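First the structure, in the form of structure tokens, and then the observations on it.
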Amino acid sequence: MSSTYELGGRTFTSRLIVGTGKYSSFEETRRAIEESGAEIVTVAIRRISLNDPGKESLLDYIDRDRITLLPNTAGCYTAEEAILTSRLAREALGTDLIKLEVIGDEKTLFPDNEGLLRATKTLVDEGFVVLPYTNDDPITCKKLEEMGCPAVMPLAAPIGSGLGLQNPYNLQIILEQAHVPVIVDAGVGTASDAAIAIEMGATAVLMNTGIAGAKDPLKMARAMRLAVEAGRLAYEAGRIPKKLYASASSPLEGVIGASNS
Amino acid sequence: MCAVKSERKITVSVNGEERRVVSDLSVEELLDLLGVKGSSVAVARNQAIIPRSDYSSATLEEGDQIEIIHAVGGGAS
């Protein structure tokens, strides 16, 4: 896989971005990252436990020379919370990258567009490289790009739902109009879901539950890696157009029993 | 544990828990007191980031709301 893409001034080869939540141990997280081939992994920002402040950290299991950390603002329901979390993440991890989430509702975890746009404006002004988790809405994606986001991250389906790409037509419009990478974020359930998004031209896919929630997370991590590689190859190869009727792939001449005229 | 520098005590909130601490405690001393180690943490006071370079000079005041965070496993909300 030689094709690469750029994000925040860095070049990446792997088109699979993985989360680090929901694993049974830090060691399993480490091995899943390894199997996935991901070069970017997301982490959440949370209060330190004052009862056990010295316990081991996930970061001890991530080789930051090879892996780029992408902190998120998961769990933030207002622009203000997301902005403060972003600033804390930058201070703690020394990175300007932020996966910006402003969540609108606990049940759907759909983004709050208004809050997302407001937080984006502030954070871009402060020099953050804002990667926004957004609805699969072409207009919002366009606004986010115009505000200076170096990529947009529309959802395929609700976070953790495993439903796969629910609105390929919206994604197609987003892909057609975007001048920045489009990263499909959330909702991927299995390998084919990831492949479809990449085949359509998405630059990368981001997932967590699809891997961590599988019966065998390490195997699924590998499956996702291969799916994304296959999807990218198919995208570069250029698929055939869809047609309603058959088109034979064997020669039409020399069929036995045919009369020679 | 931190040496007592002052008799006067103040109440601050640390990660949502109220704590009585000496009045001129610095952020650096607070982190020591709590046993927080490692470089990958960040501190906010009343919604404003305290840069690492200010940990030794920034002292706590009555009613301060302190947040001490680190990175944990996570994907999305």
Side-chain angles (χ1 to χ4, degrees), chain A residues 17-23 26 29 41-50 52-54 57-62 69 71-77 80-81 83-85 87-94 99 101-103 106 109 111 133 153 155 159-160 185-186 206-212, chain B residues 1-3 9-22 25-77:
Chain A
I17 301 172
V18 297
T20 53
K22 297 188 175 177
Y23 287 99
F26 289 148
T29 315
V41 307
T42 68
V43 293
I45 300 299
R46 290 290 180 272
R47 284 172 167 170
I48 276 183
S49 162
L50 298 180
D52 192 7
S57 159
L58 167 67
L59 297 187
D60 299 336
Y61 288 78
I62 296 174
L69 288 184
N72 67 31
T73 64
C76 292
Y77 284 80
E80 288 67 33
E81 285 168 14
I83 290 165
L84 178 58
T85 301
R87 290 170 180 159
L88 284 164
R90 173 153 75 178
E91 182 69 17
L93 300 173
K99 179 189 177 218
E101 297 181 26
V102 182
I103 302 299
E106 271 180 40
L109 298 178
Y133 160 68
M153 305 210 297
L155 53 82
I159 291 169
D185 179 5
L206 194 162
M207 66 183 76
N208 191 156
T209 308
I211 296 175
Chain B
M1 287 291 143
C2 170
K9 293 239 175 179
I10 55 170
T11 303
V12 297
S13 158
V14 182
N15 286 0
E17 285 177 27
E18 285 206 344
R19 299 229 163 200
R20 296 280 289 166
V21 297
V22 293
L25 197 71
S26 71
V27 171
E28 189 172 39
E29 288 164 333
L30 175 69
L31 294 176
D32 281 347
L33 191 67
L34 296 170
V36 175
K37 292 185 180 64
S39 54
S40 299
V41 300
V43 180
R45 183 210 332 233
N46 306 329
Q47 318 285 309
I49 305 294
I50 301 180
R52 197 160 292 141
S53 52
D54 292 354
Y55 284 179
S56 54
S57 60
T59 53
L60 302 189
E61 286 169 32
E62 175 69 34
D64 272 351
Q65 306 233 341
I66 306 293
E67 296 284 349
I68 307 169
I69 64 83
H70 64 158
V72 300
S77 287

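These numbers come from the heavy atoms of this one structure, side chains and all, not from hydrogens, waters or symmetry mates. First the proteins, then the strands, lettered A, B, ... as listed; each starts at 1. Just so we're clear, the structure is a prediction, and the values are computed from it rather than from any experiment.
Annotation: salt bridge (charged side-chain N to carboxylate O under 4.0 Å, His left out) contacts involving residues 62-77 of chain B, sequence neighbours excluded, comprise R47(A)-E67(B), R45(B)-D64(B).
Here Y61(A) pairs with F26(A) under the ring pair (Phe, Tyr, Trp, His ring centres under 6.0 Å) rule; sequence neighbours left out.
For N72(A) (side chain) and G75(B) (main-chain N/O), a donor-acceptor pair under 3.5 Å exists by modelled atom type. At least one donor-acceptor pair closer than 3.5 Å links the side chain of R52(B) to the backbone N or O of E91(A).
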Item to complete: Give the C-alpha distance, both sets of side-chain angles, the deciding distance and a yes or no for side-chain contact (heavy atoms from CB on, under 4.5 Å) between V72(B) and T20(A).
Response: CA-CA 8 Å; V72(B) 300; T20(A) 53; over 6 Å; no
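Contacts of L59(A) with chain B are made by side-chain atoms alone, with heavy-atom separations under 4.5 Å and no backbone atom involved. The parts of L88(A) that come within reach of chain B are both its backbone and its side chain, each placing non-hydrogen atoms under 4.5 angstrom from that chain. Contacts of L93(A) with chain B are made by side-chain atoms alone, with heavy-atom separations under 4.5 Å and no backbone atom involved. Of the two parts of K22(A), neither the backbone nor the side chain holds a non-hydrogen atom closer than 4.5 Å to a non-hydrogen atom of chain B. Using a 4.5 Å cut-off between heavy atoms, V14(B) touches chain A through backbone and side chain atoms alike.
For the pair R19(B)/L50(A), a side-chain contact is recorded, criterion being any heavy-atom separation below 4.5 Å from C-beta on.
Atom OG1 of T85(A) is separated from atom CD1 of I69(B) by 8.0 Å, given to the nearest 0.5 angstrom. The distance from the NZ atom of K37(B) to the CD1 atom of I48(A) is 11.0 Å, given to the nearest 0.5 Å.
The minimum heavy-atom distance linking G73(B) with A44(A) is given by the pair O-CB, 4.2 Å.
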